[in-house]
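Note that these values count all heavy atoms, side chains included, but never hydrogens, waters or copies made by symmetry.
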Amino acid sequence: MITSVLASSLDGTGGADGVPTLDNVKVQAESSVPAWELSRGEDRLVILSDYFPRRITEDNYIDSDVVEDLASSAEALIYGPGVVAGDSVGLLNGLFMLRAYRIATRIPNGGTLEAILDPALYASWSENKALYMPRNRSVERMRPAYAAFELYEAAMDHYGVQNTASAYRALFSSFEDRKSDRIDARYRLEVDAKSKDVRAFQIDETKAEACFAHTVTNLRKSLEASQEGADAWDSRDMSALRSYYDRTPAIDRCWERLINQRTAELMGAPDPYAVAPMHWVDIVESEFNTKDTMITHLPARTILTESGVIALLMERGWVLRRLH
């Protein structure tokens, strides 16, 4: 569905339009590829990661030899957990009609965000909009969840965020000639014809406003605090980064989640986000019936907070340790 990747670290100097700009990340060879391992008995799952949010530029250095060495010791690359709707991860790329999207994203009867939102929430929204998309007038007529998406995209575009991270890119490049050794363990939501219309974008208004409030409240806060996390990552101070994660909210792509959940509801399918983590864990364990070592890429927050699929595997007896 809607996809984007977080990015960013602020230098606080400000751009020409008054919005703080993002400092280029100076990645050092010795700290460019932190790695972990989950093990149980003879089975090993090597884990690479990248720090988000941050900006990655062409000048950044990633020691691809380190990634290649780790990849060469693995019998397979297993994709990180996630949800794929239909035959695409793109919201409008062959999955839904553009017209249906445009109809569903608009507030009915010519309404505006100012008219339907709590005044304090609208004031916070207006501050963010003035920073990241001051010339976008049409967004004022979009339903809250979709306005949140537009705000997120505008902030990421302003900061020059790329859609892939360095370790992630290097890892997949290592398996370019080993396509048969790549395992897609993401949960696939098969989309049928009845979900390919305007109803799939008709999100519950209460949930949509909660999504909007979360984004408006936390987006700028998280971006402005992100340099602390970037510094901890680059110095390989994982205790400091864990502390940063404990204190700083993640930016949840809630609009994507709500659309996928609505699609599943129309199909009579379970909530894909409730199913996807265990689906991934089950595939990982089944692959180890014939393999001893695999490699994957997971968010640093998931690893350091020992949450999500890390927690599920540890509950099954897997032990997490840092490699380097």
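Counting heavy atoms from C-beta on, the side chains of D234 and R236 never come closer than 4.5 Å. M133 has its side chain within reach of V139: a pair of non-hydrogen atoms, C-beta onward, lies under 4.5 Å apart. Side-chain atoms of H297 and I78, non-hydrogen and from C-beta on, never get closer than 4.5 Å to each other. For the pair R247 and E228, the minimum side-chain heavy-atom distance is below 4.5 Å. In this structure, the side chains of W125 and P144 stay at 4.5 Å or more apart for every pair of heavy atoms. In this structure, I107 and L113 have side chains that are in contact, with non-hydrogen atoms separated by less than 4.5 Å.
The main-chain N or O of I283 is found under 3.5 Å from a side-chain atom of S286 such that the two form a donor-acceptor pair. In this structure a side-chain-to-backbone donor-acceptor pair under 3.5 Å is present from T263 to I259. The backbone N or O of S124 lies less than 3.5 Å from a partner atom in the side chain of N128, making a donor-acceptor pair. Panel note: side chain H324, backbone V33; a donor-acceptor pair is recorded below 3.5 Å. Under the 3.5 Å distance criterion, the side-chain polar atoms of S222 are left unmatched by any main-chain donor or acceptor of L219. Using modelled atom types, one side-chain atom of D50 and one backbone atom of A167 make a donor-acceptor pair closer than 3.5 Å.
Listed here is the closest heavy atom pair of L298 and P81: CD2-CD, 3.4 Å.
Identified under the salt bridge (charged side-chain N to carboxylate O under 4.0 Å, His left out) test for residues 263-275, with sequence neighbours left out: R262-E265. The stretch residues 223-301 participates, sequence neighbours left out, in these disulfide (SG to SG under 2.5 Å) pairs: C211-C254.
Tested against N260, the residues Y187, W255, Y273 include a single side-chain hydrogen bond (donor to acceptor under 3.5 Å, both in side chains) partner, Y273.
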Open item on the list: Does W318 form a ring pair (Phe, Tyr, Trp, His ring centres under 6.0 Å) with F288? I'd like the steps, not just the answer.
Closed with: CA-CA 12 Å; W318 291 80; F288 276 114; 5.3 Å; yes
Task: Verdict with supporting geometry, N136 and S138, side-chain hydrogen bond (donor to acceptor under 3.5 Å, both in side chains) - done: CA-CA 6 Å; N136 189 333; S138 62; 3.1 Å; yes
TODO: For the pair Y122 and E127, evaluate side-chain hydrogen bond (donor to acceptor under 3.5 Å, both in side chains) and give the outcome as yes or no after the intermediate values.
DONE: CA-CA 9 Å; Y122 182 76; E127 290 178 7; over 6 Å; no
- [ ] Apply side-chain hydrogen bond (donor to acceptor under 3.5 Å, both in side chains) to T112 and E140, showing your working.
- [x] CA-CA 6 Å; T112 64; E140 290 287 340; 5.9 Å; no
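Checked against the 6.0 Å centroid threshold, F149 and F212 do not count as a close aromatic pair.
For the pair R182 and F175, the cation-pi criterion (under 6.0 Å, within 45° of the ring axis) is not fulfilled.
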